[in-house]
Amino acid sequence: MPRKFIPVSHPLLAGNEKAYVDECLATSQISSAGRFISAFEKASADFCGVDHAIACSSGTTALHLALLALGIGPGDEVIVPAFTYVASVNAIRYCNAVPVLVDSEPATMTMDPAKIEGRITPRTKAIMAVHLYGQPVDMDPVIAIARRHGLFVIEDAAEAFGASYKGRKAGSLGDVATFSFFGNKIITTGEGGMLTTRDPRLAAQIRLLRGQGMDPDRRYWFPMVGYNYRMTNIQAAIGLAQLECIDVHLESRRRVAGWYHRHLQDARNVFALPEERPWARHSFWMYTVVLKPEAGCERDTMMRQLAEAGIETRPAFYPMHVMPVYSEPLGSYPVAEYLGANGINLPTHALLTEDDVLYIAGHIRATRAAMTA
Ligand SMILES: *Cc1c(COP(=O)(O)O)cnc(C)c1O
């Protein structure tokens, strides 16, 4: 019998969420018109330090819109880490473009800039940098490579709202960036997404594509094939309330990460703990530890034992090239494979207490002791 249940993630809805949703209901503005959409877009642009933010229906549709707006189409290649969430590569495939995988760095779990140039071909159009688990990619070398080869840079910042790189926010570092507001992300709208960019023409193109491609000056005239990827006013109402409390969201995650860091110090022979580079501010979407093979524990067994103590965890993502739909018979991404096989996402959310973290750390120690006895 578990003494308690600690979920791996949990939204914090402690601000104006209810008041703003009530306003949507009271004004009947429950669909994709209403004041919250533009307010949430404006607040997101200001927060990220860019001129334009465009809300949409999910992080996945945000990625699709970003690629479409950049003109990425059939046969084009986009360089993307093998170790990512499937939405990054799915969106590339929606455009009939080709995801070209690169391996990651073991310490940051993000794409390894040194591996990018070897993957560039005459068909390469863009590099998609994924700030995985909230850790920003080392962007300066990525941007330098992109400039040298005339490539676009897309940030998949779905997990990194509020993270920063050399003092600049995730979402302001490339040509266009995307965020997700799924229920377990840094801030949530239930389902939802956002794009950010400094480029007014790109922003206009994204808005067009988001709303069926309708000519902004001529109703029901559609000069292109567009999509309905709009966000509702209700979602934006929740998002704006979340963003008003962004410091609480980020600081509570940072506090949890600090507790893990302290209480897992004596387990450093078992796990690699997340590292924050001097130039990075991690958003700690997921506090991810990587089980060391020499520790003599099996990852899935450890996760099962933790589940028996009421501690929900998640395995790290499988690398993309092991999925049948993205399989690369000759692809070899050893770091991605290592991280995918040994990574564990520990509970990371605002409602955790230090006692919860002590409980988790204690069970990790006990599980490890039992497994290696
Ligand atoms: C969550 C996530 C997405 C997709 O966002 P949805 O809102 O679920 O569509 C894309 N990329 C990464 C890295 C994610 O974690």
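Basis for what follows: all heavy atoms, side chains included, without hydrogens, waters or symmetry-related copies. Just so you know, ligand 1 is whichever comes first in the structure, and atom 1 is the first atom listed for that ligand.
- Short contacts between ligand 1 and Ala87, defined as distances under 4.0 Å to a heavy atom of the residue, involve ligand atoms 3 (C), 4 (C), 10 (C).
- For atom 2 (C) of ligand 1, the nearest non-hydrogen atom of the protein is Lys185 NZ, 2.6 Å.
- Between the choices Asp156, Val130, Val89, the shortest heavy-atom distance to atom 11 (N) of ligand 1 belongs to Asp156.
- Remark: ligand 1 and Trp285 share no N or O pair separated by less than 3.5 Å (distance only, no angle test).
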- [ ] Could you please spell out the steps behind the side chain to side chain contact (heavy atoms under 4.5 Å, CB included) verdict for Ile54 and Met194?
- [x] CA-CA 6 Å; Ile54 305 98; Met194 187 74 74; 5.6 Å; no
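- Remark: ligand 1 atoms within the under-4.0 Å shell around heavy atoms of Ser58 are 7 (O), 9 (O).
- Remark: minimum distance from atom 15 (O) of ligand 1 to any protein heavy atom is reached at Glu159 OE2, 2.4 Å.
- Using the six-membered ring where Trp is involved, Tyr94 and His64 have ring planes that are perpendicular, over 60° apart on the 30 and 60° scheme.
- At a threshold of 4.5 Å between non-hydrogen side-chain atoms, the residues Lys185 and Ser180 count as touching.
- For ligand 1, one of its N or O atoms has an N or O atom of Gly59 under 3.5 Å away.
- A donor-acceptor pair is defined here as one N or O able to donate and one able to accept, closer than 3.5 Å; such a pair exists between the side chain of Arg299 and the backbone of Gly340.
- Only one option out of Phe47, Trp285, Phe284 pairs with Phe161 in a ring-ring contact (aromatic ring centres under 6.0 Å, His included); it is Phe47.
- One distance of note links CG of Leu291 with CE of Met303; it measures 10.5 Å at 0.5 Å rounding.
- Protein heavy atom closest to atom 9 (O) of ligand 1, with residue, atom name and distance, is Thr60 OG1, 2.5 Å.
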